[in-house]
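The structure appears below as structure tokens.
We count ligands from 1, going down the list as the structure has it; atoms in each ligand are counted the same way.
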Amino acid sequence: MNLRSLSFRLVAWYAGVLTAVFVLLGCLTFLFLRHYLEANLLDTQTRRARQIAGTLVAHAHRDTETTLAGEVENLYSPELNDRFIRISRADGEVVYASGAPRNELFVPGRVAALGGNFLEGSTRKVQQLPGAPLLIAAVPATGADGTLYRVEVGTSAAPVEDTLEQVLVMLAVGLPIAVAAAVAGGFLLVHRALEPVERIAIKAEEITQHSLSERLPVVPSGDELERLAESLNRMIARLEDAIRSSKQFVADASHELRTPLAVMRAELESLAQNASLGSETREALGSVLEEVARLGEIVESLFALSRLDAGDAGGGWQRLDLAELASTTAEQMSLLATDKDIRVSCELTPGLAVQGDRARLKQVIVNLLDNAIKYTARGGHIALSVRREGAWAVLEVTDDGIGIPPEALPQVFKRFFRVDSSRSREPGGAGLGLAIVKSICSAHGAEVEVQSTAGKGSTFRVRQPLASEPSRS
Ligand code: ADP
């Protein structure tokens, strides 16, 4: 799991905030409930104390206090009802005190006397034993003879504590379940919301300068991602326009240059034939002719590349025997090799049919052989082979020439790339030959790769899918 991903960070934040809110709410609910239940219980005790004060104490005289105690005992049976009742006189004398309750949750005799003003009512919480405290309400009462009394009624807060314990258990179980459910829902929501981002990223990876007509997927959700995808699509459209016009410019420029260059070349050649020219002028003319020829080659290469870029399928797509094409091409170029005393050996498996444009596939072999001859020293050796590898026809040109340094290997198929102008100036070339090879291969669904060791030689390998067997109908 990617901890830095947007979905993880969103869900983590969401889960954190939600847990904090839930815990806070749980604590507040718990505290509020405890306060409410205790207040309620104390309220009941106060009402009962007032009842005793109003109904029993109000009719008592100082000399009938024993009767009062008996009445309280009879009417309220505090021990049986787990209640604490105490009636004391203002002089501190206890007139009546209930006994130990049945539930034994408090010890009445150990409840300290309440000081303070006898005319004021009050409530208090007495923690006697470990466990629930004793909640006591005290109210003032006046006997029939004007004697001032205090009636205290209390009960254990155990039922409140039991309820709170249940609420606590409910919160402890419910909160994690609620958080987990909310987080799972949040995860699904975030995941669904961000799903288009993944699809946009995958598609964006696929779009190259050759597939700029494709567009990113747009989910009509009306959200920011739809806007982003649309903006990116408009940007791709602008890039497509810009690249198309720059390719068109190169195509137009190279096309327009071909004719004047051909005319210049013809004029210069006819000028060079003129016998009355001095040797210096003839030499200068020869070198200008060479440069014009080189310029012509570059323009032709650029024109070929621009047509390949435009997806021009070439003259005719046909089924052809790769070994036969390789052998004729090698034969036609044998003169170049003989000139440099280079031996060309062929190892060709006949009958390997591929689909393609003959002229362009021939161009691939010409460029590879031409390079092999250019970059191999006099007396060297070049091996040309065509063989089958599964469903592929593999054409290989191996030489024992100067090789290519490892740092230059990834670049050799780039346009206008030359390994080192000083080492290849002598044989010429503008760095377009291998770029053309690569473009033709791509147009034919073929792959081209190179292996080379500087100073030892190079091998260029073209792997092209074999043509399917023609149907014999
Ligand atoms: P160029 O027209 O300069 O030969 P290419 O595109 O055909 O351009 O080749 C690019 C560069 O790759 C060349 O400058 C050359 O240095 C290197 N290269 C190509 N083929 C070979 C080879 N067979 N042996 C050594 N270097 C080569």
Side-chain angles (χ1 to χ4, degrees), residues 250 254 257 261 290-309 326 329-330 332-347 359-386 394-444 446-463:
V250 176
S254 50
L257 286 171
L261 271 172
E290 238 173 61
E291 287 306 313
V292 168
R294 207 169 106 78
L295 205 59
E297 273 167 28
I298 295 174
V299 167
E300 281 306 325
S301 299
L302 279 177
F303 187 61
L305 273 172
S306 62
R307 282 180 58 189
L308 281 164
D309 283 348
T329 315
Q332 285 163 0
M333 296 185 72
S334 59
L335 217 64
L336 275 177
T338 322
D339 270 358
K340 275 186 85 178
D341 214 4
I342 291 172
R343 187 169 62 86
V344 179
S345 63
C346 297
E347 197 182 313
R360 288 207 166 132
L361 287 178
K362 181 175 175 165
Q363 184 76 55
V364 168
I365 306 170
V366 167
N367 287 11
L368 294 180
L369 279 177
D370 186 49
N371 277 349
I373 296 168
K374 268 196 292 190
Y375 301 111
T376 299
R378 192 161 271 282
H381 172 235
I382 294 171
L384 172 67
S385 75
V386 172
V394 177
L395 178 135
E396 240 174 46
V397 178
T398 305
D399 63 60
D400 56 1
I402 59 174
I404 302 166
E407 67 277 7
L409 271 179
Q411 321 261 36
V412 286
F413 293 103
K414 289 189 178 158
R415 294 173 186 190
F416 291 108
F417 177 81
R418 303 180 67 204
V419 171
D420 152 15
S421 45
S422 66
R423 70 174 207 155
S424 43
R425 170 145 304 174
E426 183 238 319
L432 288 171
L434 288 179
I436 290 176
V437 168
K438 174 114 184 150
S439 288
I440 296 176
C441 284
S442 301
H444 284 78
E447 294 161 4
V448 57
E449 56 183 30
V450 57
Q451 277 171 354
S452 184
T453 312
K456 288 209 168 145
S458 320
T459 298
F460 284 85
R461 185 177 300 116
V462 175
R463 274 159 46 92

Run down the list [options] and name the one with the heavy atom closest to [atom].
atom                    : options                        : answer
atom 27 (C) of ligand 1 : Phe413, Tyr375, Phe416         : Tyr375
atom 12 (O) of ligand 1 : Val412, Thr459, Asp399, Val450 : Val412
atom 3 (O) of ligand 1  : Gly431, Gly403, Ala435, Gly433 : Gly431

Tell me, please, which residues at least two apart from Gln411 pass side chain to side chain donor-acceptor pair (under 3.5 Å).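 Here the qualifying residues are Lys414.
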List for me each residue that meets side chain to side chain donor-acceptor pair (under 3.5 Å) alongside Glu347, sequence neighbours excluded, and say none if there are none.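 Testing Glu347 for side chain to side chain donor-acceptor pair (under 3.5 Å), a comparison that skips the adjacent residues, returns none.
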Practice task
Please state which part of Ser452 comes within less than 4.0 Å of ligand 1, counting heavy atoms only: side chain, backbone, both or neither.
Solution key: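 It is neither part, as no heavy atom is under 4.0 Å.
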For [X], atoms of ligand 1 separated by under 4.0 Å from a heavy atom:
X      : result
Phe417 : 10 (C), 11 (C)
Lys374 : 1 (P), 2 (O), 4 (O)
Leu432 : 6 (O), 8 (O)
Arg418 : 3 (O), 14 (O)
Ser458 : 22 (C), 24 (N), 25 (C)

Quick one: does any side-chain atom of [X] pair with a main-chain N or O of [Y] as donor and acceptor, under 3.5 Å?
X      : Y      : result
Asp400 : Gly380 : no
Arg461 : Glu447 : no
Lys340 : Thr376 : yes

Is the shortest heavy-atom distance from the side chain of [X] to the side chain of [Y] under 4.5 Å?
X      : Y      : value
Phe303 : Leu257 : no
Val462 : Leu368 : yes
Leu369 : Phe460 : no

Taking only non-hydrogen atoms of Gly401, do any sit less than 4.0 angstrom from ligand 1?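 Gly401 does not count as a contact of ligand 1 under the 4.0 Å cut-off.
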ask   = Does any N or O atom in Ile404 lie less than 3.5 angstrom from one in ligand 1, N or O only?
value =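 No, since none of the N or O atoms of Ile404 sits under 3.5 Å from an N or O of ligand 1.
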